[in-house]
Every structure is written in structure tokens, then in C-alpha cells.
Peer 1: 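One structure follows; several queries about it will come next.
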Amino acid sequence: MIFFCLGFRLSALSFIFTLVSDTIISVKNLTKQYSTEQAGGIKNVSFDINRGDVVAIIGESGSGKSTLLKSIYGFLKVDEGEIFFEGERIKGPDEQLIPGHKQMKMVTQDFSLNIYAKVYDNIASQLSNTDLKTKAEKTLAIMEHLRILPLQNKKVIELSGGEQQRVAIAKAMVADTKVLLLDEPFSQVDALLKNQLRADIKRVAAETGVTVILVSHDPADGLFLADQLLIVRNGELLQTGKPSEIYQNPKHIYTAQILGNAVVLSRGDAEKIGLKTFAATVVFYPEWAEINNNWSSRRFNVADVYYKGFYDELLLERNGVTVRALQLNRGAHKKNDHVQLNIGRFLEFH
Ligand code: ADP
Ligand code: MG
């Protein structure tokens, strides 16, 4: 009886474990270089992606984001390493007639839409004609998810960049796609509509269970919507994890800079403003520096005040060292004021 209970408990545990760690894509030691002489491509990258997650790959232009996305899709012949989709190795373009993967779809910056055809027809073209009722139902359903139902009879050429992006995503998703790969999905969308598209991608992923991998050079895209964030630089994966974990505990100075506009100081400069450290470099986000009269606060001169909407960013100077701090109480300080600053938390890089 005891053995039975134990066995039952163990199998229940492993069942729960499978539920929480359902890997859909696994990238193992992937390397893709375009030529031997020059840098470029990606180097020895490994990570897993959970089913249903929204994953954001963040990095500067030229860091290898599109290379990574195309490799996952099976569009590039990789040099080393393997990629698995539901445990099965993804074939490269040299191993099959039509490159790509049936259950994945990639939306690139050129959208690949028929601009003279109607929105509805662009999307419906992905489904077979064997069951016309299902074809219509699925097309209308995905248009509803992406809030483009009212555009169904318009030609693509009549739409804005943001609307075309939505049509391209709907077209990519309509045929039971399990993984949606989006290359810079926000690059052609106005700032105002960006927030809405971001939120919609997150909602559609949650509603349909599709796994989304998107790449962006703008970290704001990733922080806001991703379940998992990957930071790439020069073809290397610097760090991966939940956005909040990476933001709070960046492993590289670069990560803190790209995510949070961090203040980076040498040990010498850190000491000049009263931070004691043995590390070579000290890093903190502006919001970790607080203007108050704590025992540990130090006097700074306000070198400049930048208006940032709902807060001010203060450029503060002490002993020739400048740092940035946030002031939510807008207008509280002006240039040449003196303030007491307490840097509550900072990271040390050796
Ligand atoms: P990202 O999408 O992050 O801007 P890419 O993956 O497009 O970066 O490119 C990464 C690097 O590889 C860049 O230095 C780029 O110039 C180089 N690269 C990309 N595609 C090719 C190609 N087809 N041939 C040669 N070099 C390439
Ligand atoms: Mg790119």
C-alpha cells in the first residue's frame, strides 16, 4: 500500500513537472557564420522555449537576431548544433524540397502579402478548399482575434503599416500554426498603435496557445510582453530568463544598459561619489537612486533637468562625476539646486 501511494505520488509529480516544463523548441549549441573572415551570424547559442510562451529576442542591429529566427525556422543551413521542434530535429534547407517548418510560420518585415488582393482572401489563401465552411470560420475567427474584421473587404494596399502587420500575423496563424516567428513586428507601427499591437500579440498568444518568438532592437517591446527574454550581442546569447529577473539581476553591464539605460561607473568614479567597492565597475538604474535625507545620502549638484512626461530625469554631479536619477515629483528641482542622493542599490562587475 505504501509503495502504491509512493508510486502514485511520484507519477503525479512527474505529470505536474511535464505540465510546467513543456518545451516546444530546443536550441542546442547553434553556430552559424556567414563567412570565416568576418564576424557575423551566431555563436554556440543554446536555450529552450516553453509551449505557449511569448519569447522576445533583444539585441542591437546586426547582433544575429534574424539569423537565429531563420535558423529556428529551418531556413538556414547551420554550421554546428541542432534545433528541435517537439523533440524532432528541424531539417535545414539542404535536407528538404521546401525550406521551413509546416507548423511554424515566419512573418518578416516585408509581410509577403498580395497587396492587390482583399484582406480576407490573403488570409483565407492559406487554407484548403476541401471544407469551405471551416475555411470561412477559421478566417473570420483569426481576423476577430487580431481585430481586423472590419478590414476584411479592403485591399491590402489601402491599409496602414500597422494594419498590414496584423494581416500578415493573421495569415501566418490561420492554418493551425504552433509557433509564430515575428521579425521586428513593431518596426512599421506608429508609437501610439505599438502598445495596442504588443498587447494584442500577448492576448492572441494566450487565447490560442500559439508560441510566439519575436525579435526586436527595442527592449521596451520585450520587457512589456515577454514570458522569456533573450539578450543577444555580437551573435552570443548573454542572458535568458524572465524579463523581471534579467532586469533586476543583469549578468552583463551591456544587459543593464540596453534594458534600463543604466548608470555605469568605474571604481574610481564610484568612490568619488561615496560608493565603496572592490569591483572594477558599478552599475545602477536611475530609479535605484533616491533623492532623500538618509544618513547615507550625499550632496549632489543638479547639472540638468530633463522633462520626461510623468517624471523628471535629473543629471546630478558630485566631485566631477555625473549620474542620473528619477524625480517623480515633477518640477521639484531645477538646474543648480543641491539635492541629497541615496543610491540604495548598485551592482558590482569584476
Ligand atoms: P539582426 O537581425 O540582429 O540585425 P542579422 O542576423 O541579420 O542581425 O545579422 C547578423 C550579422 O550577420 C550581421 O553582421 C550581418 O551583416 C551578417 N549577415 C546577415 N545575413 C548575412 C548574409 N546573408 N551574408 C553575410 N552576412 C550576413
Ligand atoms: Mg534582423
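Model, not experiment: these values are computed from the prediction. Atoms within each ligand, like the ligands themselves, are counted from 1 in listed order.
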Peer 1: Output the list of atoms in ligand 1 that are nearer than 4.0 Å to some heavy atom of G41, sorted by atom number.
Peer 2: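 This gives 10 (C), 11 (C), 12 (O) as the contact atoms.
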Peer 1: Pick, from G62, S61, S71, the option with the minimum heavy-atom distance to atom 10 (C) of ligand 1.
Peer 2: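 Shortest heavy-atom distance from atom 10 (C) of ligand 1: G62.
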Peer 1: Would you say ligand 1 has an N or O under 3.5 Å from any N or O of G64?
Peer 2: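 G64 vs ligand 1: N/O contact under 3.5 Å present.
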Peer 1: Near S66, which atoms of ligand 1 are under 4.0 Å from a heavy atom of that residue?
Peer 2: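 Taking each heavy atom of S66 in turn, ligand 1 has 1 (P), 2 (O), 6 (O), 7 (O) under 4.0 Å.
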Peer 1: Quick one: does G59 get within less than 4.0 Å of ligand 1, heavy atoms only?
Peer 2: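 G59: no contact with ligand 1 (<4.0 Å).
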Peer 1: Quick one: which of T23, V54, I25 gives a side-chain contact (heavy atoms from CB on, under 4.5 Å) with I49?
Peer 2: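 Result for side-chain contact (heavy atoms from CB on, under 4.5 Å) with I49: I25.
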Peer 1: Checking Y254 against E60: is there a side-chain donor and acceptor pair closer than 3.5 Å?
Peer 2: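 Indeed, the side chains of E60 and Y254 share at least one donor-acceptor pair under 3.5 Å.
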Peer 1: Counting backbone and side-chain atoms alike, is an N, O or S atom of S66 positioned under 2.8 Å from the Mg ion (ligand 2)?
Peer 2: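 Given the 2.8 Å cut-off, S66 counts as a ligand of the Mg ion (ligand 2).
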Peer 1: Under 4.0 angstrom from ligand 1, any heavy atom of K70?
Peer 2: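 No.
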Peer 1: State the atoms of ligand 1, each with its element, that fall below the 4.0 Å cut-off from a heavy-atom position in E60.
Peer 2: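 This gives 3 (O) as the contact atoms.
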Peer 1: Whether the side chain of E82 engages the backbone of L30 through a donor-acceptor N/O pair (distance < 3.5 Å, no angle test) should be reported.
Peer 2: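 Not a single qualifying donor-acceptor pair exists.
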Peer 1: Classify the angle between the aromatic ring planes of F85 and H101 as parallel (below 30°), tilted (30 to 60°) or perpendicular (above 60°).
Peer 2: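 Taking H101 first and then F85, their aromatic rings sit tilted (interplane angle of 30° to 60°).
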Peer 1: Checking D48 side chain against S26 main chain: does a donor-acceptor pair fall under 3.5 Å?
Peer 2: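 No.
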Peer 1: Taking all non-hydrogen atoms of both residues, which atom of K65 and which atom of I58 are closest, and how far apart?
Peer 2: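 Distance-wise, the nearest heavy atoms are CD-C, 4.2 Å.
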